[in-house]
Every structure is written in C-alpha cells, then in structure tokens.
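What follows is a set of notes on a single structure, which appears directly below.
In this chain, residues are counted from 1 in sequence order.
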Amino acid sequence: MSRKAELRDRLTEVRERTLWMFDRVPDEFLRVRVHNFYSPIGWHFGHVGRTEEYWVCAATGDDPCDERLSFLYADLVENPKDNRVNIPDRQGTLDYLKKTRDFTLRALEAVDLSSDHPLTQDGYAFEFAAQHECQHQETISEMLQLIQKQRSPALVEPLEWKSERSAEFVSVPGGSFQMGHPDLHGYDNEKDPHEVRVEPFRIAKHQTTAFEWTQFMADGGYERPELWSTEGWSWRQEDNATMPEYWNRQPEGYAYFAPFGPRAIHPDEPVSCISRFEAEAYANWAGKRLPTEAEWEYVASTANLPTATRAAPLSPARGVGEPANRRRGTSGPNIKGPRQRRFPWGDNPPSEAEACHALTNWGPALVGAHPAGDTPLGVQDMAGNVWEWTASPFLPYPGFAAFPYDGYSKDHMKGHHFVCRGGSWATSPSILRCSFRNWYVPTYRQGFLGLRLADG
C-alpha cells in the first residue's frame, strides 16, 4: 500500500469513529460548557477539522475554506472558551467537517511526500492531524461522562465488593537508557533521546485498583491532612473531594458515570479519574511514592531487555529517525546502550491482546487482564487501561525544540503541569508508545487518570 493510501485510510478510519461519537452527543449539551476546564463538546468536533485544515494549509500555502469558522473552532486566547458556545448547530458542524476533509484529501493527492519540508515529509501534517483527532476523541469521552454525571443518577446492580488481589512489587535493576525517541511522527516533547541513569527501585506489578482505593477512603484518607501536601489539602477542601470523579456511592458498592450511563465499579479495575494530589496522598498513605517519568519509561521500554537486542541502533525506517529540517534535527542523536521497545511488550503495534485501548470496551479492563502486554519484568498494563501519574513535572528534554508550534508543548513547560504515562482505554494505538508524554495540572481529575506505586 502506498503511503498516501495509508494516510487516507487512517484519516477515514479515525473520522468514522469521530462521527459515530458525534451522533451520541445529546443536542441539549452540544453547545454547553459542562465543566470549567472544557470548551463545549460540540466545539471539539469542529476543532479537529479546523486543526487538520490549518496544518495542511500551512504545508501547502492554501487559505482556509471558512475564515470565520476557522477562528471559532481555534484554540486561541482571542477565542476564549465562553465564546465557543457560539459554534454552529449539529448540521453546521458536520458540513464544516466535510468541507475541511474534502480539502485535506485533495491536498494529500497533490502533495509530494518525499519533500524535505517538515510539514510534508512522509505526510507529517496528515499524520499529525489524525493523531490530534484521536486525542480529542479521548477528551470527548471524558465530556460524555461529565454529561452523564449531570443527569439524574440511576441505581445499578452492585458487584460484590471484595478482592483476592494484594499489592505486588517488582524489583527493577538500575541502569542507563536512552529516554525519549526520535520518531518523525512523535511529538516535540519526546525529543531528543538522551541518556538517563536509573537507580534500582521497586514498582507495583499492577495499577492501583478501585478496591485498594476504597481501603484508603475507609481509613480516612480524604480527612487526614497529614497525607496531603499543603496545596493538595487546600484543593481537597475547596473541591470537597471525597472519592474519585465520576464515582457515585450506592446503597451497596459504587457506581461509575460511564460515557453512556452508570455502571457498577468492579473492585479489581484500576481506580480512575483522580487528581495528582489524590494520587500523592494515596501513595503517602500506602508508605510508597509515585515513580518518576524516567523510572516509568525505563521499566516500560528498556528494563530487562533480552540480550540479543542490546546495543542495536534505532533503524532509519519510514517514520523513525530525524527529518532534514534543522528545527527537528539535522541528524539523528548518538544512540548508545540498549535499543528501546516501542511498546511495553515489544515493537508490534497494539492489539486487543496486549492492551485495553482505542475505545473498544468504553471502560478499563481488570488489572492484569492482558498478559500479552506485560513487560519482560512482568509489570502489567503499562499501556492502556488508565493513565498513570508520575512524580515528574512536565519539563523539556535536553535539546528540545518546539515543533510545529509553541502552544502544544513549550507553553506548558513551566513546572505547573505533571507528567502522566501509559495511555488509557480511550487512547489510540499509536499514542501508546513508551515515549509518549501526557501532562495535566495537579488538580485535574476528569481524565482517565490512575496511578502505580513505586518504592525505594
């Protein structure tokens, strides 16, 4: 299959899922802000079309098909979230998505993918658009849950609230590794690969479960200020947080406001939708800590690599390696040491066997349900299920250069955001790569965010 055909199929597949999700947004919520963190849910649908068209225009030199809507669907300080309620109705947004997609496909047909232009090389702008749309599908999933939470709660049949699981920790030998990845289609914040030393430590075999979280709640975790940082305790009081976002206490057990209605929470599913402040308090309660993002990536990508893969260089295959444009590097970095796995299990793309991802289940799987996705050390679910908070602020790597614009990464690298790793049940396959860095402010709990403990 040609690269252009591959890109066309990818864009089509991603858009089909977006439109399917659009059909399931209630009309009365389409142009309403359901939370102060978000724009209206309808805006996100138009925004994926606008972003796609914007970067394709930047690559081709064309003008946008509708200047007014291009501004209204833009994420700009001049277009604040309160102004974004003024988007068109459902049909108007659908028309805009079709118009911008038609333009994109015409541009794809005409573009020279062998060019060394940074936005056209190997279809960078088109791949960027698809990846961006997948990220907004996850955001839309979060907002569907907020919509369900605002509706009258319904009782669900509770599950038996007990668990046979106990916390297990895996010993991780120390070592040096190349953190980050030079993938052409990776984001700027994942570059440049650089050597990092990790000291020996232990990491939890599985993500913290809902049952384990209720033990923290039962022991007064939300009422004990000594477990919280000063900022975290102030947030807990102001937010009146007593359990994770989207949880609802039932007469027996707990319910969860899922995207299409409430469901019972299984005690062995990972706890989800917690802030970093909550994750930090839980770790203090458990006598453990959150892993750094270097420790996390080392376990996911490198630790205990088979001997045969050591010292193998990163191959310059399509989509891997540095492009010619200087803003993204004139030559590949000097890679030393073991070759990283692209995913926790190896280099093969994710399937349903390795990870709960890509909106296939509309919720997390039980921890450890995907043994094919285990790391060589036996650490489970490091891709999919729920994002994992780390101890690390979101900061640039050595040699960082913003691309394709400052607003994606650089503007958030001021120490106020913290890194999350691993992906969730709503994350697309390509984003599950070990080097992908997500980030949020520590008060954010509306995403599919959990934790994994570390020790030592």
**Message:** Test of understanding: with salt bridge (charged side-chain N to carboxylate O under 4.0 Å, His left out), list the residues that count as partners of Glu354, not counting sequence neighbours.
**Reply:** none
**Message:** Between Glu142 and Tyr38, is there a side-chain donor-acceptor contact under 3.5 Å, judged purely by atom types and distance?
**Reply:** yes
**Under 3.5 Å donor-acceptor, Asn79 side chain and Ala74 backbone** = yes
**From Leu72 atom CG to Asn83 atom CG, the distance as rounded to the nearest 0.5 Å** = 6.0 Å
**Message:** When you compare the side chain of Gln446 with that of Tyr246, does any pair of heavy atoms fall below 4.5 Å?
**Reply:** yes
**Asked** With ring centroids as reference points, do Tyr408 and Trp439 lie under 6.0 angstrom apart?
**Response** yes
**Prompt:** With sequence neighbours left out, which residue pairs that include part of residues 356-367 fulfil the salt bridge (charged side-chain N to carboxylate O under 4.0 Å, His left out) condition?
**Reply:** none
**Asked** Listed by chain and number, what are the ring-ring contact (aromatic ring centres under 6.0 Å, His included) partners of His132, not counting sequence neighbours?
**Response** His47, His136
**Message:** Classify the ring geometry of Tyr298 against Phe177: parallel below 30°, tilted from 30° to 60°, perpendicular beyond 60°.
**Reply:** tilted
**Item:** Ion pair check, Arg10 and Glu13, cut-off under 4.0 Å
**Value:** no
**Prompt:** salt bridge (charged side-chain N to carboxylate O under 4.0 Å, His left out) with Lys98: which residues, sequence neighbours excluded?
**Reply:** Asp102
**Item:** From CD (Glu297) to CZ (Arg437), nearest 0.5 Å
**Value:** 8.5 Å
**Message:** Run Asp183 and Arg342 through side chain to side chain contact (heavy atoms under 4.5 Å, CB included) and show every step you take.
**Reply:** CA-CA 10 Å; Asp183 191 328; Arg342 184 166 179 79; 2.7 Å; yes
**Asked** With sequence neighbours excluded, what pairs up with His194 under the ring-ring contact (aromatic ring centres under 6.0 Å, His included) test?
**Response** Tyr397
**Request:** Could you please spell out the steps behind the ring-ring contact (aromatic ring centres under 6.0 Å, His included) verdict for Trp389 and Phe418?
**Result:** CA-CA 8 Å; Trp389 283 108; Phe418 286 81; 7.4 Å; no
**Item:** Atom pair CD1/CZ of Ile265 and Phe211 - distance to nearest 0.5 Å
**Value:** 13.5 Å
**Item:** ring-ring contact (aromatic ring centres under 6.0 Å, His included) involving Trp425 - partner list, sequence neighbours excluded
**Value:** Phe448
**Message:** Distance check, rounded to the nearest 0.5 Å: Tyr124 atom OH versus Glu127 atom CD?
**Reply:** 10.0 Å
**Trp345 side chain near His370 side chain, heavy-atom distance below 4.5 Å** = no
**Request:** Report the distance from atom SG of Cys273 to atom CD of Glu278, rounding to the nearest 0.5 Å.
**Result:** 10.0 Å
**Request:** Verify the distance criterion only: is there a donor paired with an acceptor across the side chains of His117 and Asp112 at less than 3.5 Å?
**Result:** no
**Item:** Beyond-backbone contact of Val111 with Phe126, side-chain heavy atoms, under 4.5 angstrom
**Value:** yes
**Request:** Taking the side chain as every heavy atom from C-beta outward, state whether His185 and Asp122 have any pair of such atoms under 4.5 Å apart.
**Result:** yes
**Request:** Specify the closest pair of heavy atoms between Leu159 and His266, including all atoms of both residues, with the distance to one decimal.
**Result:** CD1-CA, 3.6 Å
**Request:** Would you check if there is a donor-acceptor pair between the side chains of Tyr73 and Thr93 at a distance under 3.5 Å?
**Result:** yes
**Message:** Looking at Arg276 and Tyr444, would you say the former's side chain and the latter's main chain have a donor-acceptor pair under 3.5 Å?
**Reply:** no
**Asked** Can you tell me if Glu388 and Gln207 form a side-chain donor-acceptor pair at under 3.5 Å?
**Response** yes
**Prompt:** Could you go step by step and tell me if Val379 and Arg452 meet the side chain to side chain contact (heavy atoms under 4.5 Å, CB included) rule?
**Reply:** CA-CA 10 Å; Val379 183; Arg452 182 189 303 271; 3.4 Å; yes
**Prompt:** When you check the gap from the basic side-chain N to the acidic O, do Glu28 and Arg151 get nearer than 4.0 Å?
**Reply:** yes
**Asked** Just one of Ser424, Pro350, Pro349 clears the side chain to side chain contact (heavy atoms under 4.5 Å, CB included) bar with Leu432, so which one?
**Response** Pro350
**Asked** Phe71 versus Glu78: any side-chain heavy-atom pair under 4.5 Å?
**Response** yes
**Prompt:** Got a sec, which pairs hit salt bridge (charged side-chain N to carboxylate O under 4.0 Å, His left out) with one end in residues 356-382, sequence neighbours left out?
**Reply:** none
**Item:** salt bridge (charged side-chain N to carboxylate O under 4.0 Å, His left out) partners for Arg15, two or more places apart
**Value:** Glu52, Glu133
**Message:** Testing the 3.5 Å rule here: is there a donor-acceptor pair between the side chains of Thr18 and Gln137?
**Reply:** yes
**Asked** Are His206 and Glu212 close enough that some pair of their side-chain heavy atoms sits under 4.5 Å apart?
**Response** yes
**Request:** May I have the step-by-step check of side chain to side chain contact (heavy atoms under 4.5 Å, CB included) for Phe400 and Ser409, ending in yes or no?
**Result:** CA-CA 10 Å; Phe400 169 80; Ser409 299; 4.2 Å; yes
**Prompt:** Do any N or O atoms from the side chain of Thr390 and from the backbone of Val419 form a donor-acceptor pair under 3.5 angstrom?
**Reply:** yes
**Message:** Can you list everything that forms a salt bridge (charged side-chain N to carboxylate O under 4.0 Å, His left out) with Glu269? Sequence neighbours excluded, please.
**Reply:** Arg263
**Request:** Kindly check if the number of other-residue, nucleotide or ligand heavy atoms within 6.0 Å of NZ (Lys410) is above 12?
**Result:** no
**Item:** Trace of the side chain to side chain contact (heavy atoms under 4.5 Å, CB included) decision for Leu113 with Leu7
**Value:** CA-CA 11 Å; Leu113 299 184; Leu7 286 167; 4.1 Å; yes
**Item:** Heavy-atom closest pair, residues Val14 and Ala130
**Value:** CG1-O, 4.1 Å
**Pairwise side-chain contact, Pro344 with Cys434, heavy-atom cut-off 4.5 Å (strictly under)** = yes
Exercise answer: donor-acceptor pairs, residues 255-262 side-chain atoms, under 3.5 Å, sequence neighbours excluded:
from	atom 1	to	atom 2	distance (Å)
Tyr256	OH	Gln145	OE1	3.3
Tyr256	OH	Gln145	NE2	2.9

**Request:** Taking the side chain as every heavy atom from C-beta outward, state whether Asp89 and Arg31 have any atom pair closer than 4.5 Å.
**Result:** yes
**Message:** Taking His181's backbone N and O only, do any of them form a donor-acceptor pair with Gln340's side chain (distance below 3.5 Å, no angle check)?
**Reply:** no
**Prompt:** Listed by chain and number, what are the ring-ring contact (aromatic ring centres under 6.0 Å, His included) partners of Phe22, not counting sequence neighbours?
**Reply:** Phe45
**Message:** For residues 54-76, which residue pairs pass the salt bridge (charged side-chain N to carboxylate O under 4.0 Å, His left out) check, not counting sequence neighbours?
**Reply:** Asp75-Arg84
**Fill in**
Shortest non-hydrogen pair, Ala294 vs Val198, comes out as O-CG2, 4.1 Å
**Request:** Starting at CZ of Arg8, measure out to CD of Glu109 and round the result to the nearest 0.5 Å.
**Result:** 5.5 Å
**Asked** Counting only heavy atoms not in Lys4, do more than 12 sit closer than 6.0 Å to its NZ atom?
**Response** yes
